[in-house]
There are 2 protein chains.
Amino acid sequence: MSEKNLYTIKNVTKLTGVTASTLRYYEELGILEDVERDKNDNRIYTDEHLDRLGGIRCFKDGAMPLSKIREFYRYESDLENHIDDIIELVEEQTEELTETINKMVAQKKHMEAKVKFYSAIKKAIENNSPWPSWDEYSD
Amino acid sequence: MSEKNLYTIKNVTKLTGVTASTLRYYEELGILEDVERDKNDNRIYTDEHLDRLGGIRCFKDGAMPLSKIREFYRYESDLENHIDDIIELVEEQTEELTETINKMVAQKKHMEAKVKFYSAIKKAIENNSPWPSWDEYSD
DNA sequence: ATATCACTTAAAGTAGACTTTAAGGCAATA
DNA sequence: TATTGCCTTAAAGTCTACTTTAAGTGATAT
């Protein structure tokens with residue numbers, strides 16, 4: 001209960017790197033909630049909003065679509081009634097993420113092998129020597 | 001030089017899971033090249049096209065945009081003149097992929113911790129006991 | 001002969017995540 | 001007082017990667 005810093009939309013942009021229009025868009029989508037206004041109707045953000053934006057970024061890093069992020073926060077604001085929903089959502093997303101990571105790691109290895117292979121070709125070109133075959137490099 | 005199987009667009013769809021319109025789209029983009037036609041103007045695909053489609057899928061698994069995939073194959077078809085370009089492209093994409101994977105792995109851990117945390121809350125709800133705090137679960 | 005099927009093209013539509021534009025309000029500064 | 005700067009909304013535009021639609025051709029099945 002100790003923080004009560006307030007931020008203009010520009011301040012939030014500076015602090016988070018999220019543009020003003022994206023902030024409005026997130027609010028419209030309902031993933032950034034309860035944004036108060038000052039007497040001129042300008043948005044006022046709090047530290048809770050900064051925290052939320054940090055959370056959103058994490059979920060986005062985990063390739064979670066905004067619709068799921070929205071669902072997550074909806075459940076989180078009423079955990080008693082949505083504890084099963086939120087567990088299911090996070091477990092499901094974790095599984096998807098695991099699969100995505102596995103594919104990416106495989107492709108990363110493949111691409112590292114390609115760099116070695118093409119580097120060998122580069123040398124072969126420079127030395128006018130016979131080109132290597134991919135078989136020697138493919139993992 | 002031993003394979004000379006030919007495939008209709010439907011066969012390719014069955015074998016690869018890539019829809020006919022996506023195949024036409026890839027051809028239009030130039031990432032699927034030299035698709036011949038039969039006397040009725042219908043597309044004829046070869047094993048090389050199936051290989052290419054496998055490669056495209058790998059790159060897509062590595063979150064490579066179609067524009068870069070196109071660039072890659074353009075360079076690959078003229079390695080002598082583009083060996084530096086292709087090495088740069090693949091190295092750059094590998095680096096980006098590494099960063100993406102790192103973020104995803106971090107978020108995966110975070111989400112696994114969340115599942116444990118919410119499971120503990122679920123038990124607390126069931127047992128009418130005090131809720132745990134996130135601090136005990138956050139990694 | 002006619003219906004059906006697979007194919008063709010070009011163009012329009014979709015989804016997600018924003019960004020840009022247009023039109024205007026309020027407040028401080030020159 | 002006029003300009004500048006930051007804010008507002010609603011709507012339209014952008015980008016990627018497709019998908020869907022419309023209109024039409026040609027071969028096959030009944």
Side-chain angles (χ1 to χ4, degrees), chain A residues 6-46 49 52-53 55-73 89 93 96-97 100 103-104 107, chain B residues 6-32 34-46 49 52-53 55-73 93 96-97 100 103-104 107:
Chain A
L6 301 176
Y7 309 92
T8 64
I9 201 166
K10 193 146 213 208
N11 285 338
V12 176
T13 285
K14 271 181 202 151
L15 291 170
T16 64
V18 179
T19 69
S21 43
T22 301
L23 290 169
R24 294 188 196 104
Y25 175 63
Y26 284 176
E27 192 179 336
E28 192 186 313
L29 287 187
I31 71 178
L32 201 54
E33 299 155 290
D34 305 318
V35 180
E36 306 288 324
R37 303 299 183 101
D38 69 10
K39 66 181 194 320
N40 297 318
D41 204 36
N42 291 356
R43 287 173 176 80
I44 302 166
Y45 296 92
T46 65
H49 293 115
R52 171 70 59 103
L53 284 165
I56 292 168
R57 160 164 307 186
C58 283
F59 283 129
K60 281 174 65 64
D61 284 346
M64 197 151 123
L66 294 181
S67 56
K68 291 284 175 184
I69 297 178
R70 184 174 160 281
E71 232 183 331
F72 172 84
Y73 285 118
L89 186 155
Q93 290 300 126
E96 274 185 37
L97 183 52
T100 303
K103 283 182 186 170
M104 285 187 167
Q107 177 61 3
Chain B
L6 300 177
Y7 309 92
T8 64
I9 200 165
K10 193 145 212 209
N11 286 338
V12 176
T13 285
K14 271 181 201 149
L15 291 170
T16 64
V18 179
T19 70
S21 42
T22 301
L23 290 170
R24 294 187 196 105
Y25 175 64
Y26 283 176
E27 191 180 337
E28 192 186 314
L29 287 187
I31 72 177
L32 202 54
D34 305 319
V35 180
E36 306 288 323
R37 303 301 183 98
D38 69 10
K39 67 182 193 321
N40 297 318
D41 204 37
N42 290 357
R43 287 172 177 82
I44 303 165
Y45 297 92
T46 65
H49 292 115
R52 171 71 58 104
L53 284 165
I56 292 169
R57 162 164 305 187
C58 283
F59 282 130
K60 281 174 63 66
D61 284 345
M64 198 151 122
L66 295 181
S67 56
K68 291 283 176 185
I69 297 178
R70 184 174 161 281
E71 231 184 332
F72 173 84
Y73 286 117
Q93 289 300 125
E96 273 185 38
L97 184 51
T100 303
K103 283 182 185 171
M104 285 187 166
Q107 177 60 3

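A note on names: the letters A, B, ... follow the listed sequences, proteins ahead of strands, and every chain is numbered from 1.
Straight-line distance from the CG atom of A:D38 to the P atom of C:dC26: 12 Å, rounded to whole Å. One interatomic measurement links the two molecules: CG of B:L23 to P of C:dT9, which rounds to 12 Å at whole-angstrom precision. Whole-Å rounding puts the B:I44 CD1 to C:dT8 C1' distance at 14 Å. Following rounding to the nearest Å, B:I56 (CD1) and D:dC18 (P) show an atom-to-atom distance of 10 Å. Look at CD1 on A:I9: it is 16 Å from C1' on C:dG25, rounded to the nearest Å. Residue A:E28 contributes atom CD, which lies 13 Å from atom P of D:dT8 at whole-angstrom precision. In this structure, A:L32 atom CG and C:dA17 atom P are separated by 15 Å, rounded to whole Å. One can place CD of B:E27 at 17 Å from C1' of D:dA17, the figure rounded to the nearest angstrom.
Residue A:Y26 places at least one side-chain N or O under 4.0 Å from the OP1 or OP2 atom of C:dC18. OP1 or OP2 of C:dA27 has at least one side-chain nitrogen or oxygen of A:N40 nearer than 4.0 Å. A sub-4.0 Å separation between OP1 or OP2 of C:dA6 and a side-chain N or O of B:T8 is absent.
The main-chain N or O of B:L6 is never found under 3.5 Å from a side-chain atom of B:T46 such that the two would form a donor-acceptor pair. The backbone N or O of A:L29 sits less than 3.5 Å from a side-chain atom of A:R70, completing a donor-acceptor pair. Side-chain N or O atoms of A:R52 include none that pairs as donor or acceptor with a backbone N or O of A:E33 at under 3.5 Å.
Within the 4.5 Å cutoff, the side chain of A:D61 has heavy atoms near those of the A:R57 side chain.
Among the heavy atoms of the strands lying under 4.0 Å from B:R43 are primed sugar atoms or P, OP1, OP2 only; no base atom is included.
Between A:N42 and A:T19, the residue anchored nearer the 5' end of DNA chain C, judged by the nucleotide with its closest heavy atom, is A:T19. Comparing A:K10 and B:S21, the nucleotide of DNA chain D nearest to each residue sits closer to the 5' end for A:K10.
Set against C:dC18, C:dA27, D:dT8, the side chain of A:D41 has D:dT8 as its closest nucleotide. Proximity note for A:R37 (side chain, C-beta onward) versus D:dT8, C:dA27, D:dT19: the nearest is D:dT8. Listed nucleotides C:dT19, C:dC7, D:dC6 differ in distance to A:T22; the shortest reach to its side chain belongs to C:dT19. Closest to the side chain of B:P65, from the set C:dC7, C:dA17, D:dA17, is D:dA17. With distances taken from any side-chain atom of B:K60 to the nucleotides D:dA17, C:dC18, D:dT8, the minimum falls on D:dA17.
Residue B:R43 forms a side-chain contact (heavy atoms from CB on, under 4.5 Å) with just one option from B:H49, B:E27, B:E36, and that option is B:E27.
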